[in-house]
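One structure is given below, encoded as structure tokens.
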Amino acid sequence: MDTDRLPGCYRHPDRDTGISCTRCERPICPDCMISAAVGFQCPECVREGSGTGRRPAAHAPRTIAGGVVAEDPQLVTKILIGINVAVFFLCLLAPALVVQLQLVGGYLEYLGGPVRGVAGGEYHRLLTSVFLHTEWWHIISNMIALWVIGGPLEAALGRTRYLAVYLLSGLGASAFVYLLADPGVRTVGASGAIFGLLGATVVLARRLRYEMRPVIIMVVLMLVLTFVPLGGVMRVSWQAHVGGLITGALVGLGMLAPTGARSRAFVQWGTCAVVFLLAAALIVLRTAELT
């Protein structure tokens, strides 16, 4: 046993540190240490009150991306799963909703009347389709993937930044489908947004200098499942998966850029704005082509 090794942070045992909280003396890593009048304090001691007179929010522990560490670090993931499940059961009770929510690029004829599609001005389909599932196997597999991939990422980024990655990845996935797929193809599912979370997870693992092989293997495996037909029939949208993966990685690069505390928010939300505008540009170009 190596007796010379530094102790691990009490919140991140895998991170060795030589710094201890000046109040409770527990070891703390750079992500957990909060500057005090003398030395550094841990998040718990700060919550109990440091006596500095500053607002508690000023001392709130932060994630690696600068988000506030929440008591329930997977709350947004739970809410997203709840929304997806609720929409699924709602569509079972009212099947006509599927026609109104699914992603359709161009004009289609239905028994209940024609659908104009995104090219006809129904832009809501680009996001509503991300929360729509029509098969049991589809929603179960996607929600398991969302919990496994999304939960740890939310804890690392914080709620607001994590939600931004999810929604922008879903939009980017839909934009790729709209741009590259036949306008008559009907697309549903959260897999594009989930691939975006996977792309951001790759960036996170790289930023924390984790072993990359498990993450790369997961990406390759999911891409193989994307492009290999099941039962001889292509049942997934490769456009959504690739579009979501690229979008999530781009947003993740902005969220996890090694910038100073003062410029962090500008870089993060500036990246989100740029990615949104790029997706919007693809949508506008495709709409002009179809009309």
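Residue Ile149 comes nearest to Met222 through the heavy atom pair CD1-SD, 4.3 Å, listed as atom of the first residue, atom of the second, then distance. The minimum heavy-atom distance linking Pro43 with Ile34 is given by the pair CA-CD1, 4.0 Å. Minimum heavy-atom separation, Gly254 to Gln268: O-CG, 3.5 Å. Glu71 and Pro73 make their closest contact through O-CD, 3.4 Å (heavy atoms, listed as atom of the first residue, atom of the second, distance). The two residues Leu256 and Ala200 have their closest heavy-atom pair at CD1-O, 4.3 Å. Of all non-hydrogen atoms in Leu101 and Cys91, the two that sit nearest each other are CD1-SG, 4.4 Å.
Leu253 is connected to Ile246 through a chain of hydrophobic side-chain contacts under 4.5 Å among Ile, Leu, Val, Met, Phe, Trp and Tyr, so both are in one cluster. Cluster annotation: Met255 and Phe266 are assigned to distinct hydrophobic clusters (Ile/Leu/Val/Met/Phe/Trp/Tyr, side-chain heavy-atom contacts under 4.5 Å, transitive). Grouping the Ile, Leu, Val, Met, Phe, Trp and Tyr side chains by contacts below 4.5 angstrom, directly or via other members, places Leu277 with Tyr123. Two different hydrophobic clusters hold Leu285 and Phe176 under the rule that ILVMFWY side chains link at heavy-atom gaps under 4.5 Å. Under a hydrophobic clustering in which Ile, Leu, Val, Met, Phe, Trp and Tyr are joined whenever their side-chain heavy atoms come within less than 4.5 Å, directly or via other members, Val251 and Val274 fall into different clusters.
Between His241 and Phe195, the gap from one ring centroid to the other is short of 6.0 Å.
Within 6.0 Å of CZ on Phe276 lie no more than 12 heavy atoms contributed by other residues, nucleotides or ligands. Within 6.0 Å of CE in Met218 there are 12 or fewer heavy atoms belonging to other residues, nucleotides or ligands.
To the nearest 0.5 angstrom, Thr128 atom OG1 is 9.5 Å from Gln100 atom CD. Rounding to the nearest 0.5 Å gives a distance of 5.0 Å between CG of Leu97 and CG of Leu90. A distance of 9.0 Å separates NE2 in His124 from OG in Ser129, rounded to the nearest 0.5 Å. Distance check, rounded to the nearest 0.5 Å: CZ of Arg286 to OG1 of Thr291 gives 10.5 Å. How far CD1 of Ile144 is from CD1 of Ile139: 11.0 Å, rounded to the nearest 0.5 Å. Note that CZ of Arg125 is 8.0 Å distant from CG of Leu103, once rounded to the nearest 0.5 Å.
Side-chain contact between Leu223 and Val219: present, with at least one pair of heavy atoms (C-beta onward) separated by less than 4.5 Å. In this structure, the side chains of Val118 and Leu290 stay at 4.5 Å or more apart for every pair of heavy atoms. At least one side-chain heavy atom of Thr247 sits under 4.5 Å from a side-chain heavy atom of Val275. With contacts defined as side-chain heavy-atom distances shorter than 4.5 Å, the pair Thr201/Tyr210 does not qualify. Residues Val202 and Met212 are in side-chain contact: their nearest non-hydrogen atoms beyond the backbone lie under 4.5 Å apart. In this structure, the side chains of Phe88 and Leu92 come closer than 4.5 Å at one or more pairs of heavy atoms. Contact check for Val98 versus Leu132: side-chain heavy atoms found under the 4.5 Å cut-off. By the 4.5 Å heavy-atom criterion applied to side chains, Phe227 and Val242 are counted as neighbours.
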Item to complete: Evaluate the side chain to side chain contact (heavy atoms under 4.5 Å, CB included) criterion for residues Ile283 and Leu171: first the C-alpha distance (whole Å), next the side-chain angles of each, then the deciding distance (0.1 Å), finally the verdict.
Response: CA-CA 10 Å; Ile283 294 166; Leu171 178 63; 4.3 Å; yes
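Remark: the backbone N or O of Ala70 is not paired with any side-chain donor or acceptor of Arg159 at under 3.5 angstrom. Although no hydrogens or angles enter the test, the distance criterion places no donor-acceptor pair under 3.5 Å between the side chain of Glu135 and the main chain of Trp137. A donor-acceptor pair under 3.5 Å is formed between the side chain of Thr63 and the backbone N or O of Leu157.
Of the listed residues (Val188, Val87, Asn84, Ile140), just one forms a side-chain contact (heavy atoms from CB on, under 4.5 Å) with His133, and that residue is Asn84. Residue Cys42 is tested with Cys32, Cys21, Pro27 for a side-chain contact (heavy atoms from CB on, under 4.5 Å); the sole match is Cys21.
When only modelled atom types and interatomic distance are considered, Tyr166 and Thr77 share no side-chain donor-acceptor pair under 3.5 Å. Between the side chains of Tyr178 and Thr287, at least one donor N or O lies within less than 3.5 Å of an accepting N or O.
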